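Chain A is the first sequence line, chain B the second, and so forth, proteins listed ahead of strands; every chain is numbered from 1. Quick caveat: nothing in here was measured; it's all calculated off a predicted structure.
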2 protein chains.
Amino acid sequence: MAVNPPALTAPLPVPGFKVGTASCGVKSPDLKGKRTDLTIIAADVECHAAATFTQNRLRAACVDLGEQAVNAHGAEIRAIVANSGNANAGTGIREEEWARMMITSAASALDVDAHQILSASTGVIGTPFPIERIQNGIREAAACVSDWQDAAHAIRTTDTFAKWTSRRFGDFTITGIAKGSGMIHPNMATMLCFIATDAPLARQQLQSILQQVVGKSFNSISVDGDTSTNDTVYLLSSGLGLGHQPLPDTSAFEAALTELCIELAQMIVRDGEGVSKFVTLNIEGAATEDEARHIGRTIAISPLVKTAFAGSDANWGRILAAAGNAGIAFDANKISLKCDDIVMMQNGNLHPDYCDEAGMAVFARPEFTITLNIGMGDASATVWTGDLTHEYITINAEYRT
Amino acid sequence: MAVNPPALTAPLPVPGFKVGTASCGVKSPDLKGKRTDLTIIAADVECHAAATFTQNRLRAACVDLGEQAVNAHGAEIRAIVANSGNANAGTGIREEEWARMMITSAASALDVDAHQILSASTGVIGTPFPIERIQNGIREAAACVSDWQDAAHAIRTTDTFAKWTSRRFGDFTITGIAKGSGMIHPNMATMLCFIATDAPLARQQLQSILQQVVGKSFNSISVDGDTSTNDTVYLLSSGLGLGHQPLPDTSAFEAALTELCIELAQMIVRDGEGVSKFVTLNIEGAATEDEARHIGRTIAISPLVKTAFAGSDANWGRILAAAGNAGIAFDANKISLKCDDIVMMQNGNLHPDYCDEAGMAVFARPEFTITLNIGMGDASATVWTGDLTHEYITINAEYRT
């Protein structure tokens with residue numbers, strides 16, 4: 001039950017890329033043929049690549065291998081191979097071997113070198129990885145007769161809708177797909193995003209732009225702050241037509257990529273487990289953007305705030321208290337807080353016109369915006385989050401996912 | 001519905017202290033006479049005092065004033081005055097004035113100086129403080145005809161049972177009372193603990209011992225990581241009989257105080273909102289005790305871990321992933337994990353004898369212990385937590401508390 005899932009138009013194909021999917025039965029052999037769970041995104045040429053990965057200290061082997069490949073061979077990448085249904089994380093002595101086998105199988109099926117492959121896995125942790133079923137799926141998917149929409153379906157775990165979007169940037173295209181039910185997922189299934197473009201950017205530009213953009217998009221959402229072991233964003237640029245000369249001005253590309261990633265990130269929140277409210281947190285008046293974002297993320301993970309959202313209870317003292325837990329100084333005499341157009345506090349004081357009924361009416365909306373000004377400076381950030389509901393407990397406590 | 005609440009024996013009186021309570025109707029005038037909500041702990045002599053306070057950056061004025069009093073007059077303290085039902089936090093321009101009025105009223109009623117009073121408030125945030133009703137209650141409570149058990153009842157907000165305990169240490173007594181439903185409370189009502197002793201310790205000793213002990217007790221519990229604006233622990237020593245000469249060996253006192261605080265801290269977890277499981281997290285093999293505790297606290301706030309507890313689901317991959325989110329390095333080849341006597345991982349590998357049924361049987365118990373060794377050193381720490389249940393959502397989303 002997602003909150004206002006967008007009506008998506010078909011993703012745009014990206015020159016230089018083709019897509020394949022397969023149904024391997026990763027999670028269980030019974031599921032073979034019933035749902036797709038393997039994806040290949042293959043490029044006709046060597047791509048420049050950028051990536052960001054989970055900050056969890058227990059990273060899956062595929063994350064380590066992906067980071068090594070981007071660092072050592074980031075101008076020669078030919079494909080991404082990804083499976084859902086099993087994260088190949090916490091699987092012990094064979095974890096790295098299995099991750100390497102997945103890569104070498106994809107390289108062999110696509111007739112490229114193993115160092116040109118990036119991989120990602122998502123699903124249950126601590127369960128042996130069914131490498132043979134996955135190798136069979138890789139051979140099938142390598143025919144690359146699917147499209148981006150198929151790929152967006154194949155990387156899902158418990159997502160209730162597939163997530164994709166595209167942007168045009170001058171003569172070029174950017175298409176991205178993502179999966180995830182927020183930062184929190186059954187069995188730590190993963191937030192994944194794969195983005196392809198034919199825009200002529202060099203890898204150094206790609207990496208710095210991606211880091212900026214991920215900060216403003218995927219790192220600005222939270223369902224409840226459980227970062228997975230496998231989170232990965234890959235960005236590939238085929239550079240078809242114009243090659244990989246550094247662009248003198250990357251601002252238009254960065255703007256388009258930011259829009260694309262924010263749209264995908266918001267889809268993940270809208271599809272967050274049990275989420276019934278979509279809430280935008282604008283944090284203003286901070287000394288730095290990082291501090292503003294940290295306050296927003298701290299509010300976004302507070303169970304007391306999230307249950308108040310769920311209960312349509314304008315219990316705004318919980319928002320202030322959660323903000324105080326970010327460990328960042330406030331000017332108590334300058335704090336202002338409003339929800340949509342209803343002002344609760346202004347310049348550190350209870351607003352004389354505020355009444356609880358007006359606050360309750362805003363909190364009852366399926367989408368609303370909270371704006372908190374902490375009076376310390378001019379920097380701001382926006383974070384998107386959902387509420388914490390009975391359905392969330394049911395999903396994560398009552399069924400083994 | 002608390003988890004195995006202890007059968008408490010009567011708290012021991014402490015030489016030099018007397019206790020008073022009153023019913024003011026703080027939360028609502030209708031409640032006057034129906035439940036007590038004001039407490040005075042008064043000493044016959046000037047006490048040495050130590051304290052620890054919330055780390056929340058939005059602290060209530062009473063916390064600031066309490067800290068100033070302990071720092072400036074920590075050898076002359078005569079009383080603690082505390083109310084439940086309203087935290088006097090986030091109340092704007094009159095917050096400090098109201099907090100001072102509460103202190104001066106208590107000083108006047110007890111015929112001591114205002115700088116000799118410590119205060120604490122707990123309850124709803126952002127609601128004007130009913131100072132006149134509280135002043136009336138202070139005058140009534142100042143007769144000091146109650147006992148510690150009455151005081152433990154009067155500081156409760158949504159606690160389902162009153163929390164107290166005593167220890168003997170040589171010829172001396174330590175008695176403490178606490179309130180809280182974990183780190184999380186309706187409307188950020190507060191974790192409070194007041195401890196009195198007649199042991200002959202000087203304030204410098206008291207403060208350093210209290211900080212050590214709070215780290216191992218109250219700072220080692222979590223219901224869901226929402227630190228309140230008003231958390232306060234006060235420790236008063238009357239030094240009756242032997243004065244306040246520094247004790248040459250404080251280890252016996254520290255051991256008794258540690259036992260007392262752990263017992264009270266565990267009571268708070270057992271009474272955590274919606275908690276149906278009491279879980280002990282032993283983190284071993286860390287480089288430092290602080291790192292071990294940080295990992296334990298990170299596991300303890302993970303909604304995925306806590307819903308797995310609630311569902312009696314031995315979904316132990318969630319525990320590893322949550323531990324990885326603490327940002328502390330692990331030796332992946334040395335990780336061991338067990339729950340009670342069932343081993344899931346040993347030396348970084350899936351344990352060959354582990355079966356899910358055995359794990360499930362442990363997770364179905366109302367109390368169990370998880371032991372995680374991260375293979376980096378010899379330090380360890382213990383953290384206590386509960387699960388995240390439908391009842392928690394009901395308490396915090398469906399009723400305004």
A.B. asks: Which residues pass the side chain to side chain donor-acceptor pair (under 3.5 Å) test with A:Arg57, sequence neighbours left out?
C.D. replies: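 A:Arg57 satisfies side chain to side chain donor-acceptor pair (under 3.5 Å) with no residue once adjacent residues are dropped.
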
A.B. asks: Relative to chain B, which of A:Val305, A:Thr54, A:Ile328 shows the most heavy atom pairs under 4.5 Å?
C.D. replies: A:Ile328

A.B. asks: Only pairs of heavy atoms separated by less than 4.5 Å count here; which of B:Gly348, B:Gly92, B:Gly324 has the most with chain A?
C.D. replies: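 Looking at each of B:Gly348, B:Gly92, B:Gly324 in turn, B:Gly324 comes out on top.
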
A.B. asks: Under a 4.5 Å cut-off applied to non-hydrogen side-chain atoms, are B:Asn396 and A:Lys306 in contact?
C.D. replies: no

A.B. asks: Within a strict 4.5 Å, meaning less than it, do heavy atoms of the B:Gln55 and A:Asn325 side chains meet?
C.D. replies: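 B:Gln55 vs A:Asn325: side chains apart.
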
A.B. asks: Is chain B contacted by the side chain of A:Ala332, its backbone, both, or neither, given a heavy-atom distance below 4.5 Å?
C.D. replies: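 No part of it gets close to chain B.
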
A.B. asks: How many angstroms lie between atom CG of B:Leu58 and atom CD1 of A:Ile374, to the nearest 0.5 angstrom?
C.D. replies: 9.0 Å

A.B. asks: Heavy-atom distances under 4.5 Å only: say whether B:Thr389 touches chain A with side chain, backbone, both or neither.
C.D. replies: backbone

A.B. asks: Nearest 0.5 Å, what's the OG1-CG distance between A:Thr127 and B:Asp356?
C.D. replies: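 It is 8.5 Å, given to the nearest 0.5 Å.
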
A.B. asks: To the nearest 0.5 Å, what is the distance between CD on A:Glu391 and CD1 on B:Ile393?
C.D. replies: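 One gets 11.5 Å once the value is rounded to the nearest 0.5 Å.
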
A.B. asks: Measure the shortest side-chain to side-chain distance between B:Leu388 and A:Tyr392 over non-hydrogen atoms and say whether it is less than 4.5 angstrom.
C.D. replies: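 Yes, side chains in contact.
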
A.B. asks: Enter the distance from B:Leu350:CG to A:Thr91:OG1 here, rounded to the nearest 0.5 Å.
C.D. replies: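 Output value for this atom pair is 7.0 Å.
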
A.B. asks: Taking every heavy-atom pair that is under 4.5 Å apart, which of B:Asn333, B:Ile335, B:Thr307 has the most such pairs with chain A?
C.D. replies: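 Most pairs with chain A among the choices: B:Thr307.
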
A.B. asks: Looking only at heavy atoms and a cut-off of under 4.5 Å, which of A:Gly327, A:Gly126, A:Ala326 has the most pairs with chain B?
C.D. replies: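 Answer, by heavy-atom pair count under 4.5 Å with chain B: A:Gly327.
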
A.B. asks: Can you list the residues that meet the salt bridge (Lys or Arg N to Asp or Glu O under 4.0 Å) rule with A:Glu291, with sequence neighbours excluded?
C.D. replies: none

A.B. asks: Check whether B:Asn349 reaches the backbone of A:Ile93 with its side chain - one donor and one acceptor, N or O, closer than 3.5 Å.
C.D. replies: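 Here the side-chain-to-backbone pair exists.
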
A.B. asks: Counting only heavy atoms not in A:Lys277 (residues, nucleotides, ligands), do more than 12 fall under 6.0 Å from its NZ?
C.D. replies: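 More than 12 within 6.0 Å, yes.
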
A.B. asks: Counting only non-hydrogen atoms closer than 4.5 Å, does A:Met345 touch chain B with its backbone (N, CA, C, O), its side chain (CB onward), both, or neither?
C.D. replies: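 Just its side chain gets close to chain B.
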
